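Right, one structure below, let's go through it.
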Amino acid sequence: MKGLFISFEGIDGCGKSTQIDILSKHFTKKKKPFVKTEEPGGTKGSNEIRKILLKENNFKWSVETETLLFMAARNDHVEKVIKPAIKENKIVICDRFMDSTLVYQGMRSSKAKTLSLSLFKLIAINPDITFLIDMDPEIALNRALSRQTDEDRFENYGINFQYKLRKNFLDIANKHTERIKIINGDQNPETIASQIIENINELIQ
Ligand code: TYD
């Protein structure tokens, strides 16, 4: 089997983590070697960047500076985790990737979007398939805020921000229909999981 790079995207609280857990159990059962990872994060250095990006802070960075930090975290993660795993023919399941930057940062600044796209050329790897878990922002935000972590910077931007995120994710998905599969997140987790597995089976059989 050749390596396969799968990413999951969606607004905060859309149910990605549940789906990633179900998919990981599926691959374990099928004895498929896989790596489960996340962004920002996945390496020691990227996790340090994650901490300063996602906790409420007083740095008052511009969106462009924030973008450079997300891209730095991504570069370390791709170099040390994603590319080596793909080279070893493993499946990579990644919680968020470049589409999150295009949405969370790109929708707030066209300069940030251009910046991220030019840096992304150097990173030079794209998921083979991306699942966008599409959800009603009201339900998703309530779920995200009930988690009680200290990483809720973007959740704290409010419901209108979540509506804008959803629209931007859908716009990107509609531009890249060959890669991004829109999954209705408003169904029970098992139904969602079987739709995801069906799509993956088409790629790995
Ligand atoms: P995540 O851990 O997936 O949070 P959640 O489980 O609540 O969805 O993502 C962390 C946050 O980082 C999330 O609010 C989205 C944000 N983010 C960006 O703003 N830009 C990026 O490039 C990435 C990868 C994440």
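Counting convention: from 1, in listed order, for ligands and their atoms alike. The shown structure was predicted, so the numbers you read here are calculated from the model rather than taken from an experiment.
- Atoms CD1 and CG, on Ile192 and Asn184 in that order, are 7.0 Å from each other to the nearest 0.5 Å.
- A salt bridge (charged side-chain N to carboxylate O under 4.0 Å, His left out) with Glu38 is found for exactly one of Arg50, Arg96, Arg74, namely Arg50.
- Checked against side chain to side chain donor-acceptor pair (under 3.5 Å), Thr130 has the following partners two or more places apart in sequence or in another chain: Ser7, Arg179.
- The local environment of NZ in Lys113 is sparse, with at most 12 non-hydrogen atoms from other residues, nucleotides or ligands closer than 6.0 Å.
- Within 6.0 Å of NZ in Lys164 there are 12 or fewer heavy atoms belonging to other residues, nucleotides or ligands.
- Classification of Lys167 and Asp171 as a salt-bridged pair holds, one side-chain N sitting under 4.0 Å from a carboxylate O.
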Filter the ligand 1-protein atom pairs down to N or O on both sides and distance under 3.5 Å, then list them.
residue: ligand 1; atom: 2 (O); partner: Arg50; partner atom: NH2; Å: 2.8
residue: ligand 1; atom: 3 (O); partner: Lys16; partner atom: NZ; Å: 2.8
residue: ligand 1; atom: 3 (O); partner: Arg96; partner atom: NE; Å: 2.8
residue: ligand 1; atom: 6 (O); partner: Arg147; partner atom: NH1; Å: 3.2
residue: ligand 1; atom: 7 (O); partner: Arg147; partner atom: NH1; Å: 3.1
residue: ligand 1; atom: 7 (O); partner: Glu155; partner atom: OE2; Å: 3.3
residue: ligand 1; atom: 8 (O); partner: Lys16; partner atom: NZ; Å: 3.3
residue: ligand 1; atom: 8 (O); partner: Arg96; partner atom: NH2; Å: 2.7
residue: ligand 1; atom: 9 (O); partner: Arg96; partner atom: NE; Å: 3.1
residue: ligand 1; atom: 14 (O); partner: Asp12; partner atom: OD1; Å: 2.6
residue: ligand 1; atom: 19 (O); partner: Gln105; partner atom: NE2; Å: 3.0
residue: ligand 1; atom: 20 (N); partner: Gln105; partner atom: OE1; Å: 2.8
residue: ligand 1; atom: 22 (O); partner: Arg74; partner atom: NH2; Å: 3.3
residue: ligand 1; atom: 22 (O); partner: Thr101; partner atom: N; Å: 3.3
residue: ligand 1; atom: 22 (O); partner: Thr101; partner atom: OG1; Å: 2.5

